[in-house]
Every structure is written in C-alpha cells, then in structure tokens.
Number of protein chains: 2
Amino acid sequence: MTQANQKVKEQFNHFLSKKGLKGTLQRNLILDAFLDLDRSTHIDELYLLLRGKHPTIGHATVYRALRLFAAAGVAREINRGDGLTRYEVASGGKRRDYLVCIDCGTVTEFDNSTVEQFQAEVAGSMGFSIQSLKIELRGVCNHCKAQQG
Amino acid sequence: MTQANQKVKEQFNHFLSKKGLKGTLQRNLILDAFLDLDRSTHIDELYLLLRGKHPTIGHATVYRALRLFAAAGVAREINRGDGLTRYEVASGGKRRDYLVCIDCGTVTEFDNSTVEQFQAEVAGSMGFSIQSLKIELRGVCNHCKAQQG
DNA sequence: GCTGGTTTTGAAAGTTGATTTCGTTTATAG
DNA sequence: CTATAAACGAAATCAACTTTCAAAACCAGC
C-alpha cells in the first residue's frame with residue numbers, strides 16, 4: 001500500500017461518513033483491487049479479478065462501488081467510444097490525453113505543455129470554466145508507419 | 001439542395017457503384033434527410049423524422065444507411081459518452097471540438113487556431129500521423145456561471 | 001455486547017441502444 | 001424479361017448498464 005493509495009482510501013472513507021454511508025468489506029476489497037491495478041479498467045475486468053479471490057462479490061456490487069468511487073472523486077469515468085465504461089484512479093490532475101493508433105489499437109497517453117496553453121486560451125476566449133479536458137487523437141503510430149513501409 | 005450536398009450525394013453514389021452496392025429509394029431518402037438536417041443526429045431521431053413522411057422505412061434500414069454513409073466517408077460517427085452514437089456530415093475537416101457544460105448540458109463547438117498548433121506539436125514530438133482529433137472540454141459555461149452568481 | 005433501523009449485498013431480471021436474422025421485395029446486369 | 005445479388009422491415013438478439021428485491025451486514029444508541 002503506497003502512501004498515495006492510503007490517502008485515497010481516507011478520502012473515500014471521509015466521503016462515506018459525510019454522506020451517512022457505510023464502509024463494508026466489499027467496498028474495501030474493490031477499492032484495494034482498483035488501486036492495486038493502477039491503470040484504467042472496467043467493471044467486468046475488476047469483477048473477474050476479484051471473483052478469483054472473493055467468489056461472493058457480485059457484479060452489481062462492483063458496479064455500484066465504482067460509481068460510488070466516482071461520486072467520491074477518487075475515480076473517474078472514461079469513455080473511449082468502444083462501448084465500455086472504464087474507470088481510473090482520479091488522483092493527480094484532471095486531464096486525459098490519448099493517442100489512439102487506428103492500426104494496432106494501441107492507446108498512448110501523452111503529456112504536452114501545449115495542452116495547458118491550449119486550455120487557457122480556450123477558457124479565456126469562450127468564458128468557460130474548464131473542469132476537465134479530454135483529448136483524443138486518432139492516427140497511425142510510429143511503429144505501424146514503419147511496418148507499412 | 002445546396003451544391004455541397006449535391007457533391008456529397010455524388011460521392012456516396014460513387015462509393016456504391018465502386019462497391020457493387022445498390023442505390024435505393026430508402027438510401028436516397030435517408031441521405032436527403034440527413035443532409036437537410038445539417039447537424040449531428042442519431043438513428044432514432046432520423047428514423048422518427050423519416051417515419052413521418054415515409055412510414056415504411058424501418059429502424060434497421062436507417063441504422064444500416066448511416067453506417068454505410070460512414071463507410072463511404074460522407075458521415076462520421078460521434079461518441080459523446082452519453083450512450084448514443086451520433087452521426088454528422090463528414091464534409092469539411094476532421095475535427096470535433098466541444099465544450100460541454102456540466103451544468104446545463106449545452107454542447108458548444110469551437111474553433112481555435114491553437115488547436116492546429118497543438119496538433120502539429122504533438123504529432124511532431126510523438127511521431128504520430130494524426131488522422132482525426134477530438135477535444136472535449138467539460139466545465140461551466142458563461143451563462144451558468146452568471147446564474148450561480 | 002445487544003437491538004433496531006438503515007444501508008448494502010448478490011442473483012436475477014429489466015432496460016436501452018446497437019446489431020443481426022430471416023423471409024420477402026427490389027434493383028440492375030445480361 | 002429474368003436471374004441473382006443486394007436491400008428491405010419486423011422482430012429477435014446481443015451486450016452493457018442499471019434496477020429490483022429479499023436476505024445479510026453495518027453501526028449508533030442503548
């Protein structure tokens with residue numbers, strides 16, 4: 001358990017008590033698995049993962065837990081347009097910047113200082129308070145370009 | 001019928017004959033309705049719209065026609081993460097830049113020269129050939145900010 | 001520790017939009 | 001025309017998401 005993960009768990013517990021909700025074994029197990037995975041995932045993946053160790057945990061519980069994590073601000077929903085709702089740990093920034101290769105399907109995350117500049121400019125000119133930003137670039141990655149000659 | 005729309009229809013007909021597919025009454029009606037609407041739409045909206053004038057057109061046919069339009073390059077699929085697959089006329093650029101207000105749900109399109117600059121920089125640094133670009137900013141719009149005081 | 005009221009759980013059912021099936025109809029080349 | 005491949009529409013199916021409901025777990029107050 002990293003210190004960052006410990007902090008996330010505290011944040012979630014604080015959210016629960018603030019809302020009069022209960023801390024349960026299942027919620028703890030699901031949150032642990034979610035944090036341990038440390039990458040974006042979706043309900044069924046997490047469900048199957050947990051199912052191995054804790055056969056009693058149900059699909060609906062995983063579903064509800066992930067939504068609760070999102071409501072608590074410790075997780076974030078991702079929609080990549082593939083019909084699946086993914087979740088990732090929300091800590092550290094609110095950006096989601098992807099390069100999606102239309103050839104091999106690889107999804108690369110990137111971080112470019114231009115993004116911040118871009119964000120500031122749009123916010124200024126449109127009078128818009130930006131809360132989150134999602135940029136998805138689709139194209140052909142270096143590797144696939146090389147393969148195609 | 002604008003000249004641009006006429007061109008789109010020619011493009012679609014060319015696609016059909018190139019692929020050995022058939023031009024049908026339904027496909028023409030659906031394409032006309034889609035072009036006339038002149039904004040992003042989804043299957044059911046278009047279906048209901050057509051249904052009024054041409055009660056024999058079925059849901060499946062609208063669905064298949066829109067996918068065909070996309071395959072022909074005259075339409076483009078849009079996924080805004082709301083569970084609906086939308087389509088819009090593909091003519092004119094490959095960008096989709098949105099501002100989504102998390103308060104009132106309004107979706108505003110924007111066009112900012114910074115986008116192009118940004119795109120070029122990312123492509124250069126990552127060795128990525130960008131084909132399409134989707135930017136979605138979520139936040140609070142001017143109007144809602146004013147209402148909240 | 002109990003107890004009582006509330007919340008949570010898991011299995012199963014329901015919902016929704018997307019997609020396919022299938023028998024019939026239509027378009028088009030020869 | 002006629003053959004045949006494609007397209008049609010209604011209905012069925014699919015997959016992911018979401019809700020229902022009775023039983024179980026939680027926890028604040030005794």
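Proteins get letters first, then strands, A, B, ... in listed order; numbering begins at 1 in each.
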Looking at side-chain heavy atoms only, is the closest gap between B/Glu77 and B/Tyr87 below 4.5 Å? yes
From NZ of A/Lys19 across to C1' of C/dT6 the rounded distance in Å is 17 Å
Taking side chain as C-beta onward, heavy atoms only, is B/Leu16 less than 4.5 Å from B/Leu68? yes
Would you please name every residue forming a side chain to side chain donor-acceptor pair (under 3.5 Å) with A/Glu10, sequence neighbours left out? none
Using a 4.5 Å cut-off on heavy atoms from C-beta on, say whether the side chain of A/Lys9 contacts that of A/Leu35. yes
A side-chain contact here means heavy atoms from C-beta on lying under 4.5 Å apart; do B/Asp44 and B/His42 qualify? yes
Taking for B/Arg27 and for A/Asp44 the nucleotide of DNA chain D with the nearest heavy atom, the one nearer the 5' end belongs to B/Arg27
So do B/Leu25 and B/His54 actually touch side chain to side chain, heavy atoms under 4.5 Å? no
With five pairs defining each end axis, the helix from C/dG1-D/dC30 to C/dG30-D/dC1 comes out bent, to 10°, by 30°
Between atom CD in A/Glu45 and atom P in D/dC17, what is the gap in whole Å? 13 Å
Measure CG/B/Leu66 against P/D/dC8 and give the value in whole Å, please. 12 Å
What's the CG-P distance between B/Leu68 and D/dA6, to the nearest Å? 13 Å
Write down the distance between OH (A/Tyr47) and C1' (D/dC17), rounded to a whole number of angstrom. 15 Å
Under 30°, 30 to 60°, or over 60°: which ring-plane class applies to B/Phe69 and B/Phe12, parallel, tilted or perpendicular? perpendicular
Where protein sits on nucleotides 18-30 of chain D, one letter per nucleotide: B base, S sugar-phosphate only, - none, heavy atoms under 4.0 Å: BBB----BBS---
Parallel, tilted or perpendicular: rings of A/Tyr47 and A/His59 (30°, 60°): perpendicular
Please state how far atom CG in B/Asn28 lies from atom C1' in D/dC8, giving the value in whole angstrom units. 15 Å
Starting from P on C/dA18, measure out to CG on A/Leu84 and report it in whole angstrom. 15 Å
Expected output: side-chain A/Arg39 to main-chain A/Glu88 donor-acceptor under 3.5 Å: no
